[in-house]
Amino acid sequence: MKLAVWTYEGPPHVGAMRVATAMQGLHYVLHAPQGDTYADLLFTMIERRDRRPPVTYTTFQARDLGGDTAELFKTAAREAVERFRPEALLVGASCTAELIQDDPGGLARALGLPIPVVAVELPSYQKKENWGAAETFYQLVRAMAGPSVPPPGTARAPRAPGRAPRCNILGPTALGFRHRDDLREVRALLARLGVDVAVVAPEGATPADLARLGEADFNVVLYPETAGLAAAWLARNFAQPATKTVPIGVGATRDFIAEVAALAGLDAAPLLGEETSRLPWYSRSVDSTYLTGKRVFIFGDATHAIAAARVATEELGLEVVLLGTYSREFARDIRDAAARLGCAALVTDDYLEVEEKVAELRPELVLGTQMERHVAKKHGIPCAVISAPVHVQDFPARFSPQMGFEGANVLFDTWVHPLMMGLEEHLVAMFRDDFEFNDTAPSHLGHAAAAAPAPAPAALATAAAATDAVAWAPDAERELQRIPFFVRGKARRNTEAFARERGLSNITVEALYDAKAHYAR
């Protein structure tokens, strides 16, 4: 039922699809019933990829369950190899097909196909999409690079004199949040630092590329949710160190440059001496005082949520009131980061629980997924999307990274503009009753604007339901809406505290002004 409404992650075979679609020369044969075949919708409509995903379905139906569904899978695998001529075949089952236990891996290997077959067993009822992507990438790396693993105890050969250091970039997948643009920005940073990129994977890589991952000097891990498992295997078997810093924000980008320079044996000073983002300039400006102390609610995948918390607190002067994730595998990282910030932590995959926290905490800004975008809109709070799951509007045609110095500029625009536009909208609302500035006055275009509709009773009662038996009278709620949004939350909390202290169960306009006078003393 949850899948029919809202969910942060799909089943793990969707994660496998993201890896397969990102790569070249790989085909995914998925044992799945009719109805589970929605890969085209995900990648060609939402991400707007210019080619169909390399996925073949067995598409068995109810009537096939009384026959030989295993034969359906073998036929689909043979035909996929003949038609698409891939370098390697990835096979697995969807959540529904998992129940019939046909063993796609064993069936595919028994066919004696002329290409490598990599089987992924993805427990659909225990794990989710990001885990499925990580497991799939790990199994592919292990299968392709495994034959070239050096014997145990073999020392890594030193880099040849005069050769530039080389790294692999691990993690970007299809349907990833700004992965395409992040990759372009990070490659540019590495080039300016003097580091060559050997392989990027999964995005754009072939199975043959995965086989030569061990030739690089170190790995750059951009998205630990996808690449952490594979990077750990490469570290154990090829003695390849990996970066720990994700370069989101100016501070993290500078730390990333220093970390890469240390791994590559290069001097980072020239690149660190450049000022290439406008975010630090704004943070030092007088106008930035408008942001100081604004309360922000952050929820998303662990990588982007933790990075957003650092940028919000260290670079924009915001106060994080909650840090949360749906990535249960990274729950400890989220809780540790929240403890350092002194804020609440939330680990859940229930969007209704997230909405309850938004209603309870009443932040001035929400940074989240597309679901938090809807939640924030419902509660009249500015919002910026920082993490998957995302919608088509979060795959812009323009260059819009989250990482690197240019990514910091994008964060600045994405986060600050909703606050500034919210201020403008509330200034308009504050002066709505002025005879020269109201909704019914003729505009400069000569057209009369329609009068603003009265707030719906259900909307006016939303906040009251979240309080401890303190209700707001409709006229008091309307008066509260005239207060600028960036102090409205504090005004609401103070008024409700004032009412509870005096045993008031209903807040009237008079009580609102009494509370204002009380806290002004």
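All heavy atoms count here, side chains included; hydrogens, waters and symmetry mates do not.
Listed by chain and residue number, Tyr8 satisfy the ring pair (Phe, Tyr, Trp, His ring centres under 6.0 Å) test with Phe299 (two or more places apart in sequence, or in another chain). Applying the side chain to side chain donor-acceptor pair (under 3.5 Å) test to Asn168 and every residue at least two apart in sequence or in another chain returns Asn219. Taking the salt bridge (Lys or Arg N to Asp or Glu O under 4.0 Å) definition, one finds that Lys357 meets it with Glu360, sequence neighbours left out. Annotation: side chain to side chain donor-acceptor pair (under 3.5 Å) contacts of Glu356 (sequence neighbours excluded): none. Applying the ring pair (Phe, Tyr, Trp, His ring centres under 6.0 Å) rule to Phe177 yields the partners His304; only residues at least two apart in sequence or on another chain are considered. For Glu259, there are no salt bridge (Lys or Arg N to Asp or Glu O under 4.0 Å) partners, not counting sequence neighbours. Legend: residues meeting side chain to side chain donor-acceptor pair (under 3.5 Å) with Glu329, ordered by chain and number and at least two apart, are absent. Residues passing the side chain to side chain donor-acceptor pair (under 3.5 Å) test with Glu121: none are found, sequence neighbours excluded.
Nearest heavy atom pair, residue Leu341 against residue Ala309, reads CD1-CB, 3.6 Å. Contact between Thr253 and Ile248 at its shortest, heavy atoms only, is OG1-N, 4.4 Å. Annotation for Ser327 and Thr325: closest pair N-OG1, 3.0 Å, computed over non-hydrogen atoms. Taking each heavy atom of Ala20 and Leu26 in turn, the nearest pair found is CA-CD2, 3.9 Å. In terms of heavy-atom proximity, Pro172 sits nearest to Pro202 at O-CD, 3.0 Å. What you find for Leu210 and Ala205 is that their closest heavy atoms are CD2-CB, 4.3 Å.
Between the side chains of Arg52 and Thr44, not a single donor N or O lies within less than 3.5 Å of an accepting N or O. Defined by atom type and a distance below 3.5 Å, a donor-acceptor pair is missing between the side-chain atoms of Gln24 and Thr206. For the 3.5 Å distance criterion, the side chains of Thr58 and His31 qualify, holding a donor opposite an acceptor. At a cut-off of 3.5 Å, with distance as the only test, a side-chain donor of Thr56 or His27 sits close to an acceptor on the other residue. Glu496 and Trp472 are linked by a side-chain donor-acceptor pair at a separation below 3.5 angstrom, with hydrogens and angles left out of the test. The closest side-chain donor-acceptor pair between Glu355 and His374, if any, does not fall under 3.5 angstrom. Judged purely by distance below 3.5 Å, without hydrogens or angles, the side chains of Thr136 and Gln139 never pair a donor atom with an acceptor atom.
To the nearest 0.5 angstrom, Phe256 atom CZ is 8.5 Å from Met403 atom CE. Considering CE of Met23 and OG1 of Thr173, their distance stands at 12.0 Å, rounded to 0.5 Å. With rounding to the nearest 0.5 Å, the separation of CG in Leu411 from CG in Asp413 is 9.0 Å. For the atom pair Leu90 CG and Met17 CE, the distance stands at 11.0 Å (nearest 0.5 Å). With rounding to the nearest 0.5 angstrom, the OH atom of Tyr326 is 12.5 Å from the OG1 atom of Thr348. In this structure, Gln370 CD and Cys383 SG are separated by 11.0 Å, a value rounded to the nearest 0.5 Å.
By the 4.5 Å heavy-atom criterion applied to side chains, Val410 and Arg178 are counted as neighbours. Inter-residue side-chain proximity for Val195 and Phe218 is flagged as met; some heavy-atom pair is nearer than 4.5 Å. Using a 4.5 Å heavy-atom cutoff, the side chains of Ile334 and Leu323 are in contact. Taking 4.5 Å as the limit, every side-chain heavy atom of Leu365 sits out of range of all side-chain heavy atoms of Pro363.
With Arg328 as the fixed residue, the salt bridge (charged side-chain N to carboxylate O under 4.0 Å, His left out) test singles out one of Asp350, Asp349, Asp333: Asp349.
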Without placing hydrogens or testing angles, list every side-chain donor-acceptor pair under 3.5 Å for residues 222-234, not counting sequence neighbours.
residue : atom : partner : partner atom : Å
Tyr223  : OH   : Asp182  : OD2          : 2.7
Glu225  : OE1  : Thr303  : OG1          : 2.5
Glu225  : OE2  : Ala302  : N            : 3.1
Glu225  : OE2  : Thr303  : N            : 2.9
Glu225  : OE2  : Thr303  : OG1          : 3.2

Atom pairs and distances, donor-acceptor, side-chain atoms in residues 185-193, under 3.5 Å, two or more places apart:
residue : atom : partner : partner atom : Å
Glu185  : OE2  : Phe405  : N            : 3.4
Glu185  : OE2  : Glu406  : N            : 3.2
Arg192  : NH2  : Glu274  : OE1          : 2.3

Expected list for residues 386-399: side-chain donor-acceptor pairs under 3.5 angstrom, two or more places apart:
residue : atom : partner : partner atom : Å
Ser387  : OG   : Asp301  : N            : 2.9
Ser387  : OG   : Asp301  : OD2          : 3.2
Asp394  : OD1  : Arg373  : NH2          : 3.0
Asp394  : OD2  : Arg373  : NH2          : 3.0
Asp394  : OD2  : His391  : N            : 3.3

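In this structure, Arg493 places its CZ atom where more than 12 heavy-atom neighbours from other residues, nucleotides or ligands lie under 6.0 Å away. More than 12 heavy atoms of other residues, nucleotides or ligands lie within 6.0 Å of CZ in Arg51, so this atom counts as buried by the packing criterion. When the shell of 6.0 Å around CZ of Arg48 is examined, it contains more than 12 heavy atoms from other residues, nucleotides or ligands.
Between the Glu364 side chain and the Arg295 main chain, a donor and an acceptor come within less than 3.5 Å of each other. Looking at Glu372, its side chain does come within 3.5 Å of a backbone N or O of Thr369 through a donor-acceptor pair. The backbone N or O of Ala174 lies less than 3.5 Å from no partner atom in the side chain of Thr21, so there is not a single donor-acceptor pair. Counting only distance, with no hydrogens or angles, the side chain of Arg254 and the backbone of Leu272 share a donor-acceptor pair below 3.5 Å.
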**Asked** Thr243 and Val260: side chain to side chain contact (heavy atoms under 4.5 Å, CB included), yes or no, with the steps?
**Response** CA-CA 7 Å; Thr243 58; Val260 169; 3.9 Å; yes

**Request:** Starting from the C-alpha separation in whole Å, work towards a yes-or-no answer on side chain to side chain contact (heavy atoms under 4.5 Å, CB included) for Val118 and Leu89.
**Result:** CA-CA 6 Å; Val118 180; Leu89 195 69; over 6 Å; no

**Request:** Take Trp131 and Gln126 through the test side chain to side chain contact (heavy atoms under 4.5 Å, CB included) and record every step on the way to the result.
**Result:** CA-CA 10 Å; Trp131 184 91; Gln126 291 84 37; over 6 Å; no

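A salt bridge does not link Glu135 with Lys127: none of the charged nitrogens is closer than 4.0 Å to a carboxylate oxygen. Taking the charged nitrogens against the carboxylate oxygens, Glu129 and Arg18 do have a contact shorter than 4.0 Å, which makes a salt bridge.
Evaluation of the salt bridge (Lys or Arg N to Asp or Glu O under 4.0 Å) test over residues 244-253, restricted to residues two or more places apart or in two chains, returns none.
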